[in-house]
Amino acid sequence: MRRRPRVGLYQRAGKRVLDVAVACVALPLAAPVMGVTALLVRIALGRDLWYRQERIGLNGRSFTIVKFRTMSPDRRSLSVDVGLERDRRVIHKTPDDPRHTKLGRALRGSGLDELPQLVNVLRGEMSVVGPRPELPLIVARYEQWQHARHEVRPGITGLWQVSGRGRVPMHESVAMDLEYVRNISLRGDLKILFRTLPALLRRTGA
């Protein structure tokens with residue numbers, strides 16, 4: 001039986017303080033960008049600005065993640081070839097997915113589509129830094145050891161994201177997430193935060 005690692009003071013309390021502080025500072029600073037993004041999404045994709053999806057978070061509890069919409073309103077009618085679907089099982093974001101509009105691909109590449117998740121952080125559903133929140137259907141196929149990812153809140157950014165997630169196979173992302181959970185610290189979180197913007201600018205975190 002796998003022994004649960006000892007939870008330190010930072011993980012018990014300090015991490016949540018950091019999350020709230022970062023979100024409270026970032027939301028006002030990001031508000032103008034989010035406003036322009038919302039206008040562009042409204043013009044390109046219609047009235048509904050938000051993409052909502054169930055994900056699995058802390059202790060295996062489900063919550064609704066919020067993003068800006070990036071897919072075409074008629075995405076269900078667009079065919080996706082078999083090779084592309086196979087690639088999507090290996091890497092998280094596929095640049096050639098026909099369901100994403102030109103604006104949507106730009107938003108995803110820049111990470112701007114994920115700015116509304118700062119609200120998820122304030123609600124206590126997510127952390128600024130942590131493992132990527134996964135879909136219930138994926139979590140349902142987890143082996144027991146993989147559920148260790150849920151010992152912390154999922155994050156907007158994380159070790160996998162700043163390590164070039166566009167090139168890292170998804171099965172390796174689980175190993176990175178578990179490495180993060182085992183070594184969680186204030187220094188580690190700050191290091192990931194500082195690496196996030198350069199990764200987005202280089203498009204290696206997209």
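All of these numbers come straight from a predicted model, not from anything done at the bench. Numbers for residues simply follow the sequence, beginning at 1.
Scored by the ring-ring contact (aromatic ring centres under 6.0 Å, His included) test, F68 finds W50 as partners (sequence neighbours excluded). Among residues two or more places apart in sequence or in another chain, the side chain to side chain contact (heavy atoms under 4.5 Å, CB included) test is passed with A30 by M34, L115. Applying the side chain to side chain contact (heavy atoms under 4.5 Å, CB included) rule to E125 yields the partners F63, N120, R123; only residues at least two apart in sequence or on another chain are considered. A search for salt bridge (charged side-chain N to carboxylate O under 4.0 Å, His left out) contacts involving D19 returns nothing, not counting sequence neighbours.
Rounded to the nearest 0.5 Å, atoms CG (L193) and CD1 (I156) are 9.5 Å apart. We find the CZ-CD distance between R182 and E151 to be 10.5 Å, quoted to the nearest 0.5 Å. Atom CZ in R132 sits 8.0 Å away from atom CD1 in I138 (nearest 0.5 Å). In this structure, L49 CG and R42 CZ are separated by 7.5 Å, a value rounded to the nearest 0.5 Å. In this structure, OG1 in T37 is found 5.0 Å from CG in L112, a value given to the nearest 0.5 Å.
Taken together through direct or relayed side-chain contacts under 4.5 Å among Ile, Leu, Val, Met, Phe, Trp and Tyr, F194 and Y10 form part of one hydrophobic cluster. Connection of L18 to V181 is established within a shared hydrophobic cluster, with ILVMFWY side chains joined at heavy-atom distances below 4.5 Å, either directly or through further cluster members. Connection of L190 to L118 is established within a shared hydrophobic cluster, with ILVMFWY side chains joined at heavy-atom distances below 4.5 Å, either directly or through further cluster members. One hydrophobic cluster, built from ILVMFWY side chains closer than 4.5 Å, cannot hold both V121 and V25; they sit in different ones. V36 and L29 are assigned to two separate hydrophobic clusters, defined by single-linkage of ILVMFWY side chains at heavy-atom distances under 4.5 Å.
Between Y142 and H147, the two ring planes are perpendicular [angle over 60°; tilted spans 30° to 60°].
Counting Ile, Leu, Val, Met, Phe, Trp and Tyr side chains that sit under 4.5 Å apart, directly or through other members, V17 stands alone, with no cluster partners. Counting side-chain heavy-atom gaps under 4.5 Å among Ile, Leu, Val, Met, Phe, Trp and Tyr, V119 is found in no cluster with other residues.
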*Take V129 and K15, measure what side-chain contact (heavy atoms from CB on, under 4.5 Å) needs, and give me the verdict at the end.*
CA-CA 9 Å; V129 180; K15 187 170 175 60; 4.1 Å; yes

*Please assess R55 against M126 for the test side-chain contact (heavy atoms from CB on, under 4.5 Å), listing each intermediate value before the final yes or no.*
CA-CA 10 Å; R55 298 292 178 96; M126 294 182 67; over 6 Å; no

*asked:* Between M71 and T101, does the side-chain contact (heavy atoms from CB on, under 4.5 Å) criterion hold? Intermediate values first, please.
replied: CA-CA 6 Å; M71 289 189 177; T101 63; over 6 Å; no

*So Y180 and D189, side-chain contact (heavy atoms from CB on, under 4.5 Å) or not? Walk me through it.*
CA-CA 9 Å; Y180 170 80; D189 279 3; 2.6 Å; yes

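The minimum heavy-atom distance linking R69 with L45 is given by the pair NH1-O, 3.0 Å. Closest approach of L58 to R153, counting heavy atoms only: CD1-N, 3.8 Å.
A donor-acceptor distance shorter than 3.5 angstrom exists from the side chain of R195 to the backbone of V162, with no hydrogens or angles considered.
Side-chain contact annotation: Y51 with D113, donor-acceptor N/O pair under 3.5 Å absent.
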